[in-house]
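Here's the structure we're looking at; comments come further down.
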Amino acid sequence: MTVAQKRSTTSKFENNFLSSLQKQFPDLIPPAIALAIFLAIWQLFSFTPGATLPGPIQVIQDTWILILYPFYDKGGTDKGLFWQILASLKRVAISYTLAAIVGIALGVLIGVSKTMSKALDPLFQLLRTVPPLAWVPISLAALRQNEPAALFVIFITAIWPILINTAVGVTQIPQDYNNVAKVLQLNRRDYFLNILIPSALPYIFTGLRIAIGLAWLAIIAAEIVMSGIVGIGFFIWDAYQNNNVSEVILALVYIGVVGLILDKMMVWLQNKILPAEQK
C-alpha cells in the first residue's frame with residue numbers, strides 16, 4: 001500500500017468516525033447534562049454541615065490509586081478492582097449459563113404440559129419470591145463452602161425469569177403454527193426446532209435479559225456476606241468495615257457500569273439472533 005493510499009484510508013476512517021459521532025451527539029447531550037447536574041447536586045450536598053458522604057471530588061482524590069492501578073495483585077483478597085470484578089463475572093457466567101439451560105428446559109416442559117404446569121407452578125411461584133440474601137444461609141448450610149454457595153445463590157436467583165418467560169412464550173405460540181405442524185406431520189424434533197423455539201425466542205430473550213441483571217445483583221449480595229472470597233461484593237464489605245466510604249462509592253460505580261454493559265451485550269445478542277419482525 002502506497003503512502004497516498006494509506007492517507008486516503010486514514011482520511012476515510014476519520015470522516016466515518018466524525019460522521020458517526022455527529023449523528024450520536026444529539027443523543028449524548030441529555031444524559032451528559034443529567035450526569036453533570038447529578039454530580040453538582042451531590043457535590044453541593046457534601047459541603048453541608050454534618051455531611052458524612054464524600055462528594056465526587058473527594059471520592060476521586062481518595063481512590064485515585066485504585067483508579068490508576070486496577071490490575072495490582074498482592075495475593076489473597078488484596079487485589080485491584082479489575083481482578084475483583086473479573087472474579088465476580090466468572091461466578092455470574094457459570095451460574096447464569098446453568099440457569100439459562102435449566103430454566104429454558106423447564107420452561108418448555110411446563111409450557112407444553114398442562115399437568116406439569118399445574119404440578120410445578122405453585123412451587124415455582126413460591127420459590128421465586130425468596131430474596132437472594134435469604135438463600136445465603138441455606139446454601140452455606142447445604143454446601144458448606146463459600147464458592148459453591150455463591151454460585152447457587154446466583155443460579156437460584158437468575159433461573160425464575162428465564163423459566164417463567166420461556167413457559168409463557170411456549171403457551172403463546174399461535175394456533176395457526178400448531179395447525180401447520182399437524183398438517184405437515186412434523187415430528188417432535190422438527191416441531192421443537194422450527195416452530196416452538198423460534199416462536200418463543202422473544203419471550204426467552206426477555207427472561208434472559210432480566211436474569212442477567214438479577215444474577216449480577218445476586219453475586220454482590222452473596223459476596224458481601226461470604227467472607228474471604230475475591231469479588232466486588234467482598235471488596236465493598238471490606239471497604240465499609242475499614243470505613244473507606246469513597247472506595248465503596250467507586251465500587252458502586254464499577255458495578256453500575258458493568259451491569260449496563262451486560263444488559264447492552266444481551267440486547268446486542270438479541271438483535272443479532274431474532275428476526276427483524278420479532279424484535
Side-chain angles (χ1 to χ4, degrees), residues 16-17 20-21 23-39 42 56 59-60 63-73 79-101 103-104 132 150-151 153-162 165 201-224 229-239 246-274 279:
N16 291 336
F17 176 76
S20 175
L21 190 61
K23 290 180 181 178
Q24 296 180 0
F25 188 71
D27 295 330
L28 296 176
I29 293 178
I33 293 175
L35 179 61
I37 293 174
F38 170 76
L39 292 175
W42 176 14
V59 169
I60 293 175
T63 61
W64 191 244
I65 298 298
L66 290 175
I67 296 172
L68 288 179
Y69 302 101
F71 301 102
Y72 81 86
D73 185 353
K79 301 178 186 294
L81 282 171
F82 173 82
W83 304 112
Q84 304 283 357
I85 290 176
L86 183 62
S88 296
L89 283 174
K90 286 180 179 179
R91 296 186 184 103
V92 168
I94 295 170
S95 297
Y96 179 75
T97 301
L98 291 174
I101 294 171
I104 292 174
L151 295 177
V153 170
I154 307 168
F155 170 84
I156 202 67
T157 304
I159 191 174
W160 306 119
I162 301 173
N165 279 275
L201 265 182
Y203 294 89
I204 293 174
F205 268 108
T206 299
L208 290 172
R209 187 176 176 184
I210 296 172
I212 192 66
L214 292 177
W216 185 235
L217 292 175
I219 186 56
I220 305 305
E223 288 177 348
I224 283 178
I229 59 175
V230 176
I232 192 64
F234 176 75
F235 176 87
I236 290 174
W237 182 247
D238 186 60
S246 293
E247 293 185 4
V248 174
I249 295 174
L250 177 65
L252 293 179
V253 173
Y254 274 76
I255 290 169
V257 170
V258 172
L260 178 62
I261 293 173
L262 291 175
D263 182 71
K264 294 302 181 183
M265 288 174 58
M266 189 56 61
V267 172
W268 176 84
L269 183 62
Q270 179 177 349
N271 291 334
K272 286 293 183 181
I273 294 178
L274 280 183
K279 294 175 184 176

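Worth saying up front: this structure is predicted, and the values here are computed from it rather than measured.
Atoms OG1 and CD1, on T206 and I210 in that order, are 6.5 Å from each other to the nearest 0.5 Å. With rounding to the nearest 0.5 angstrom, the CG atom of L214 is 12.5 Å from the CD1 atom of I159. Atoms CE and CD, on M265 and Q270 in that order, are 14.0 Å from each other to the nearest 0.5 Å. How far CD of E247 is from OG1 of T63: 7.5 Å, rounded to the nearest 0.5 Å. Here the straight-line distance linking atom CG of L250 with atom CD1 of I236 works out to 10.0 Å at 0.5 Å rounding. The structure places CD1 of I219 at 12.5 Å from CD1 of I85, a figure rounded to the nearest 0.5 Å.
Side-chain contact between Y254 and L66 is absent, with no heavy atoms from C-beta onward closer than 4.5 Å. Annotation: side chain of W216 is in contact with side chain of I255 (closest heavy-atom distance under 4.5 Å). Using a 4.5 Å heavy-atom cutoff, the side chains of L262 and L89 are in contact. Contact check for Y96 versus L208: side-chain heavy atoms found under the 4.5 Å cut-off.
Atom CH2 of W160 has more than 12 neighbouring heavy atoms from other residues, nucleotides or ligands inside a 6.0 Å radius. Within 6.0 Å of the OH atom in Y72, the count of heavy atoms belonging to other residues, nucleotides or ligands exceeds 12.
Of the possible polar contacts, none joining the T157 side chain to the P132 backbone as a donor-acceptor pair under 3.5 Å is found. Within the 3.5 Å criterion, the main-chain N or O of F234 finds no donor-acceptor partner in the side chain of D238. Between the side chain of E223 and the main chain of A150, no donor-acceptor pair closer than 3.5 Å is present. Between the N271 side chain and the V267 main chain, a donor and an acceptor come within less than 3.5 Å of each other.
Pairing each heavy atom of I232 with each of A251, the nearest pair is CD1-CB, 3.8 Å. Shown here for A93 and T97, the closest heavy-atom pair between the two residues is O-OG1, 2.6 Å.
Taking the six-membered ring where the residue is Trp, F71 and F82 present tilted rings, their angle falling between 30° and 60°.
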